[in-house]
**Student:** 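Below is the structure I would like to discuss, written out as structure tokens.
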Amino acid sequence: MSTIASIFENKTRKPVISFEIFPPKRDELLKNIDATLAVLASMHPDFVSVTFGAGGSVTNSATVEIASKIKKLGIESVAHLTCLNYSKAEILTMIRNLEASGIENILALRGDSNPNAEPKNDFVHARDLIAFVRENSSLGISAACYPEGHPEAESLDADIRHLKEKVDAGATHLISQLFFDNDIFYRFMDKAGKAGINVPVDAGIMPVVNKAQIERMISLCGASLPEKFRKILDRYENDREALFDAGMAYAVSQIIDLIASGVEGIHIYTMNNPKIADRLTSAIKNLF
Ligand code: FAD
């Protein structure tokens, strides 16, 4: 059994590198994911995680299908799983489905409330899902963390207290929300360590390749934009290729600083674009 925590324990070359992809919305695009996966696999990430639509439909089939394709390529996969809109019985069905497909790791999330789906009230926070999975399965459990605090949290300190509850409930690895200012991540790590959170943490990096994308992401997740990065966006917003180059250069500089500062893992939000993963991995391959 290969849990993500065991990858961190056994790896001699640090940091651990991982990618995140999402299941395409339309069926025909799902077929094209093979090409993306082949390119990602050629970069030998330590694991690839696959997101899960908060939905309300009782299926995580696209996530499971892609996570199991990744395993077949010889790469560890992590299937995201949200709980707000599901009953315990539905979550149990999804857990058994994951196990039957050979998937060994999940990222246990609360998810966001969805106006088209009634919360089922069996799970209020991710912590409840983590405890339920721990009780009912031997899947490896990862959880989300927020260097700037989750947008609903009353404070970063309160959010870190709740994060500790997720670790105490059974999460053995954390993946961070994206951030553009490494100092924010370092401050968060310091606070998390002082709060007794000692599991490995992946720093989430999203290379920005267009301005609409970044504005959408920021309104969704509340990440702050440092002034130097805002200037880059303003300077190159109307030049696709230049913004791609500048966004990549910014992400590479963040990653170099993270590696030099000794982070344990880097999780790259690829947005299903193998060009992004390719550019980043070739820029950092000699830095370990
Ligand atoms: P929780 O840990 O439950 O936290 C949510 C809020 O509740 C926080 O403000 C927290 O401080 C607070 N809280 C927690 N416990 C308590 C308590 N005991 N008492 C009071 N307050 C409490 N969403 C998707 O739909 N699909 C995905 O695939 C997906 N992937 C993600 C991957 C990563 C790496 C990250 C960072 C986020 C992802 N999300 C995804 C988004 C996520 O679902 C949302 O951020 C959601 O709002 C919170 O999920 P959580 O698991 O962090 O929730």
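One-based numbering, in listed order, for ligands and for the atoms of each.
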**Student:** Do ligand 1 and His80 have nitrogen or oxygen atoms that lie under 3.5 Å from each other?
**Tutor:** yes

**Student:** Among Asn60, Val50, Thr82, which one puts a heavy atom closest to atom 25 (O) of ligand 1?
**Tutor:** Thr82

**Student:** Set out, in order, the CA-CA distance, both residues' side-chain angles and the distance that settles side-chain hydrogen bond (donor to acceptor under 3.5 Å, both in side chains) for Asn210 and Tyr236, then state yes or no.
**Tutor:** CA-CA 9 Å; Asn210 73 65; Tyr236 297 115; over 6 Å; no

**Student:** With a cut-off of 4.0 Å, which atoms of ligand 1 are near a heavy atom of Thr51?
**Tutor:** 28 (O)

**Student:** Using heavy-atom distances, let me know which of Thr63, Leu107, Leu81 sits nearest atom 33 (C) of ligand 1.
**Tutor:** Leu107

**Student:** Of the backbone atoms (N, CA, C, O) and the side-chain heavy atoms from C-beta on, which set of Phe22 has a member under 4.0 Å from an atom of ligand 1: side chain, backbone, both, or neither?
**Tutor:** neither

**Student:** Indicate yes or no: does an N/O atom of Asp159 lie under 3.5 Å from an N/O atom of ligand 1?
**Tutor:** yes

**Student:** Would you call the rings of Phe180 and Tyr250 parallel, tilted or perpendicular, taking 30° and 60° as the class edges?
**Tutor:** tilted

**Student:** Would you kindly specify which portion of His125 sits under 4.0 Å from ligand 1, judged on non-hydrogen atoms: side chain, backbone, both or neither?
**Tutor:** both

**Student:** For ligand 1, which atoms, with element, lie under 4.0 Å from some heavy atom of Ile175?
**Tutor:** 34 (C)

**Student:** Run the contact test for Gly111 against ligand 1 with a 4.0 Å cut-off on heavy atoms, strictly below, and give the result.
**Tutor:** yes

**Student:** Rounded to the nearest 0.5 Å, what's the gap from CG on Leu233 to CD on Gln213? Could you check?
**Tutor:** 9.5 Å

**Student:** Charged N to carboxylate O below 4.0 Å: is that the case for Arg187 and Asp181?
**Tutor:** no

**Student:** Have a look at ligand 1 and work out which part of Phe123, if any, has a heavy atom under 4.0 Å from it: side chain, backbone, both or neither.
**Tutor:** neither

**Student:** Taking non-hydrogen atoms only, is Leu163 closer than 4.0 angstrom to ligand 1 via side chain, backbone, both or neither?
**Tutor:** neither

**Student:** What about Phe123 and Tyr86, are their ring centers closer than 6.0 Å?
**Tutor:** no

**Student:** Would you please test Lys194 and Asp190 for salt bridge (Lys or Arg N to Asp or Glu O under 4.0 Å) and show each step?
**Tutor:** CA-CA 6 Å; Lys194 286 182 177 143; Asp190 189 46; 3.0 Å; yes

**Student:** Tell me whether the rings of Phe8 and His173 are parallel (<30°), tilted (30 to 60°) or perpendicular (>60°).
**Tutor:** tilted

**Student:** Which atoms of ligand 1 have any heavy atom of Arg127 under 4.0 Å away?
**Tutor:** 18 (N)

**Student:** Output the list of atoms in ligand 1 that are nearer than 4.0 Å to some heavy atom of Glu165, sorted by atom number.
**Tutor:** 18 (N)

**Student:** Going by the rule salt bridge (Lys or Arg N to Asp or Glu O under 4.0 Å), which residues pair with Lys164 if we only count those two or more places apart in sequence or in a different chain?
**Tutor:** Asp168

**Student:** Should one rank His267, Glu154, His162, His150 by closest heavy-atom distance to atom 9 (O) of ligand 1, which comes out on top?
**Tutor:** His150

**Student:** Using distance alone, with no hydrogens and no angle criterion, decide if Glu76 and Asn105 have a side-chain donor and acceptor under 3.5 Å apart.
**Tutor:** yes

**Student:** With sequence neighbours excluded, give me every salt bridge (charged side-chain N to carboxylate O under 4.0 Å, His left out) pair touching residues 128-152.
**Tutor:** Arg110-Glu152

**Student:** Of all the atoms in ligand 1, which lie at a distance below 4.0 Å from a heavy atom belonging to Glu152?
**Tutor:** 9 (O)

**Student:** Taking it one step at a time, do Glu104 and Thr3 satisfy side-chain hydrogen bond (donor to acceptor under 3.5 Å, both in side chains)?
**Tutor:** CA-CA 7 Å; Glu104 295 177 86; Thr3 62; over 6 Å; no

**Student:** Consider every N or O of Tyr269 and every N or O of ligand 1, then say whether any pair is closer than 3.5 Å.
**Tutor:** no

**Student:** Val124 to ligand 1: N or O pair under 3.5 Å?
**Tutor:** no

**Student:** May I ask you to check whether Phe52 has an N/O atom sitting below 3.5 Å from an N/O atom of ligand 1?
**Tutor:** yes

**Student:** Counting only heavy atoms, which portion of Lys166 has something under 4.0 Å from ligand 1: side chain, backbone, both, or neither?
**Tutor:** side chain

**Student:** Side chain or backbone of Leu109 under 4.0 Å from ligand 1, or both, or neither, by non-hydrogen atoms?
**Tutor:** both

**Student:** Any N or O of Asp112 that comes nearer than 3.5 Å to an N or O of ligand 1?
**Tutor:** yes

**Student:** Does one side chain, of Tyr146 or Ser176, offer a donor that lies under 3.5 Å from an acceptor on the other?
**Tutor:** no

**Student:** Looking at Ala153, which atoms of ligand 1 are within less than 4.0 Å of one of its heavy atoms?
**Tutor:** 9 (O), 11 (O)

**Student:** Do Tyr269 and His267 have ring centroids that are under 6.0 Å from one another?
**Tutor:** yes

